[in-house]
There are 2 protein chains.
Amino acid sequence: MPLKKNELLIPRGYLFSTARAGIKYQGRDDMGLIFSERPAAVAGVFTRNRVKAAPVVITRRRLQRGTGRAILVNSGNANACTGEQGFRDALLLSRELSRRLNIREGEVLLASTGVIGTPLPVDRMRNALSELTDGLKREGLKAIARAIMTTDTFEKYYSTRFRVGKTDVTLSGVAKGAGMIAPQMATMLSFVLTDAALSPETLKAALKEVVDDTFNCITVDGDMSTNDTVLIMANAASGAASIGKRYYRQFRDALYEVLDSLSRMIASDGEGATRLVTILVQEAKTRADAKRAALCIANSPLVKTAVYGRDANWGRIMAALGRSGARFRQERVKIMINNVEVVKGGLSTGRDDEAGRSMEENEEVVIHISLGEGKESSRVYTCDLTEEYIRINAEYRT
Amino acid sequence: MPLKKNELLIPRGYLFSTARAGIKYQGRDDMGLIFSERPAAVAGVFTRNRVKAAPVVITRRRLQRGTGRAILVNSGNANACTGEQGFRDALLLSRELSRRLNIREGEVLLASTGVIGTPLPVDRMRNALSELTDGLKREGLKAIARAIMTTDTFEKYYSTRFRVGKTDVTLSGVAKGAGMIAPQMATMLSFVLTDAALSPETLKAALKEVVDDTFNCITVDGDMSTNDTVLIMANAASGAASIGKRYYRQFRDALYEVLDSLSRMIASDGEGATRLVTILVQEAKTRADAKRAALCIANSPLVKTAVYGRDANWGRIMAALGRSGARFRQERVKIMINNVEVVKGGLSTGRDDEAGRSMEENEEVVIHISLGEGKESSRVYTCDLTEEYIRINAEYRT
């Protein structure tokens, strides 16, 4: 169920390359390099898992400087739970890359995704570095989106453009998702690039604000990875004025558009998914209540299998709502599935079959719960749960 | 994977019957009646879901009296989210039954399991009441275990016997589980009967203590039902002395034996399960840390699908541990799968294949995590996650 793709625009001042190191997958690129021709402001958000992969620990530390030049990424191996060796391997690669690019080592940011607990095939990866640095070119962001895929079925990218004064600036993002997807962070990896000019502080504030409403509101299986990384670079290559308070809102809205689109793509490409599912909880007493309820429903295996069966089984939605911890009175609950009201005043309206048909006929399923308790709302993207999820995850390593 | 069955002993002073009301299933009994020939002490624990079925609300209230005579149960319809009508239906059945049994209405306890949101076929159920009251007989507890099944693949019962002074007392339990199984409460329905003599207060204390370590430590899918009910009756028909402080420990141990066995049966019969999985977290700083970690690992779809794939994918165990909120240092973690050490000091021992074979060859999988932080431990039963779970739950209503 690929979502409508938009054109992938390349922000000014960035170069890209990918290479085939044979880390795990055969016959495809599995390493990628993003390079900013000039120093860029950088910010990031990371997994909150207590178990963090080596590249996460290293990159988080390097972000404190606020500027960077390069992102080196690989798929097929997470470099997580690899101990001291994992750190040495990651540092070796970043040192070698910085030498080749003639930048400081602290300007190299790292991200890995793949199997946990297996040492990096660091010699093969090191050999691929020359291909990466020699192959840098302006067109190549789409190849990065492909090189970071693991169980993803399509590459995920999204671009937008907006004006700062009289100058056009571009904002583009790539992402990978598929499994082990839940807040916080919701996505395994995402890289967002802009040629706008921002201070590292503004960039960080905008990223945090937008991620909370986008990547942190998607879930496939409730599992949280050791490697989740979102990095944003702003290299000012557009020549536009700096995004201060004056253009903050525009920048934030553009960033929301990009990250929201990537979030929907990630949820729709959840392992084995056949439907993108939006859970919208409204009229909650507090925002926390709304988010708690939306996440609990989104993560319920019974709700997700019912969507797969195109069964408007609102009893399971009600049961998940009831265990979520959100405050509500059953007799005020209203539930709509793809705009068909199936529950009113906490009771069946008898329109289950109609709602089931709408699930059959639409590419997306929107479950809309109204609690009648207040004014707060929350929205979470997820997907249905299918036999294919089981097959993918029972056989992933073998 | 049926666990070893033991003999089903019938405690003195109880009668049983089942009937075919055609509530949802065809060609099988779907109603059951448990009757104590004399007033019995009763206690119960119930779902903590905010959405509670009518029988849960009614029975919880009736337990305040501390004594009861009859349990009326049905499968095929949960009588949840059925509004005022659901309460009227439940009360109609209990009133009618009390009249037929010549007991007070408040002595009738109710439990239902099945589809949510559909009104009870109350006329058909009412018609079955005479069959139930006319058919009461001493042998028939096993038929109750069968009548309460929904997606269960085998009936669940367990008995034990112990001495109070020179008198033998019997303790027997039946249960149903399969799906929508998670603390609190872990099981959909369980009824435990004894001919020992206990005050309602002692009975309640023992039940709560034991349920916390048994039914509240199993999870199939993390979903919590609207109907979960555990009821225990003690009718003193053995003639043994009252279980006061003197015999409390023996009673509690016997109750633990029964509920622990039923818990293992429920987890092993999780929808579509091929393996009973025990998650044992030891050497945690606090008991809460241990339980949090064990439950998080037990509920991880990625861990559960790895078990199904017989893949000793300890990276997923580590990732679930890392997001659980439990305090630990990665470099102290030890993980054993069926006694094969796969992680030591937070790192791979390279014995994954050996562990995978042991998962293939054994009926059960024990995942043993040692945190090296303290002395507390917790144990949770769960099962693997298979395509069959998806099929059962995508097609349950259709």
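Here is how names work: the chains are called A, B, and so on, in the same order as the sequence lines, proteins then strands, and each is numbered from 1.
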One should read off an interatomic distance between A:Y389 OH and B:E387 CD, to the nearest 0.5 angstrom, of 13.0 Å
Do other residues, nucleotides or ligands put more than 12 heavy atoms under 6.0 Å from A:E84 CD?
no
Turns out that what part of B:A78 lies under 4.5 Å from chain A's heavy atoms comes down to neither
Turns out that what part of B:S324 lies under 4.5 Å from chain A's heavy atoms comes down to neither
side-chain contact (heavy atoms from CB on, under 4.5 Å) filter on B:V365, not counting sequence neighbours, yields B:R275, B:V277, B:V307, B:I337, B:N338, B:M359, B:I367
Test side chain to side chain contact (heavy atoms under 4.5 Å, CB included), reference B:R50, set A:R329, A:R327, A:Q330, A:R323, output is A:R327
Chain B shares the most heavy-atom pairs under 4.5 Å, among A:S348, A:C81, A:G83, with A:C81
Could you go through the side-chain contact (heavy atoms from CB on, under 4.5 Å) check for A:L385 and B:I390 one step at a time?
-> CA-CA 7 Å; A:L385 175 60; B:I390 312 294; 3.4 Å; yes
Distance col, row B:I116:CD1 vs A:L302:CG, nearest 0.5 angstrom, shows 9.0 Å
Pair count under 4.5 Å, heavy atoms only, with chain B: among A:G346, A:G325, A:G322, highest is A:G322
Sorted by chain and number, sequence neighbours left out, side-chain contact (heavy atoms from CB on, under 4.5 Å) with B:R60 holds for B:F46, B:K52
dist B:T305:OG1 -> A:R391:CZ (nearest 0.5 Å) comes out at 12.5 Å
Quiz item: So B:R316 and A:N393, side-chain contact (heavy atoms from CB on, under 4.5 Å) or not? Walk me through it.
Solution: CA-CA 11 Å; B:R316 295 182 184 174; A:N393 284 297; 3.5 Å; yes
Original post:
For the side chain of B:N49 and the backbone of A:A319, is there at least one donor-acceptor N/O pair under 3.5 Å apart?
Top reply: yes
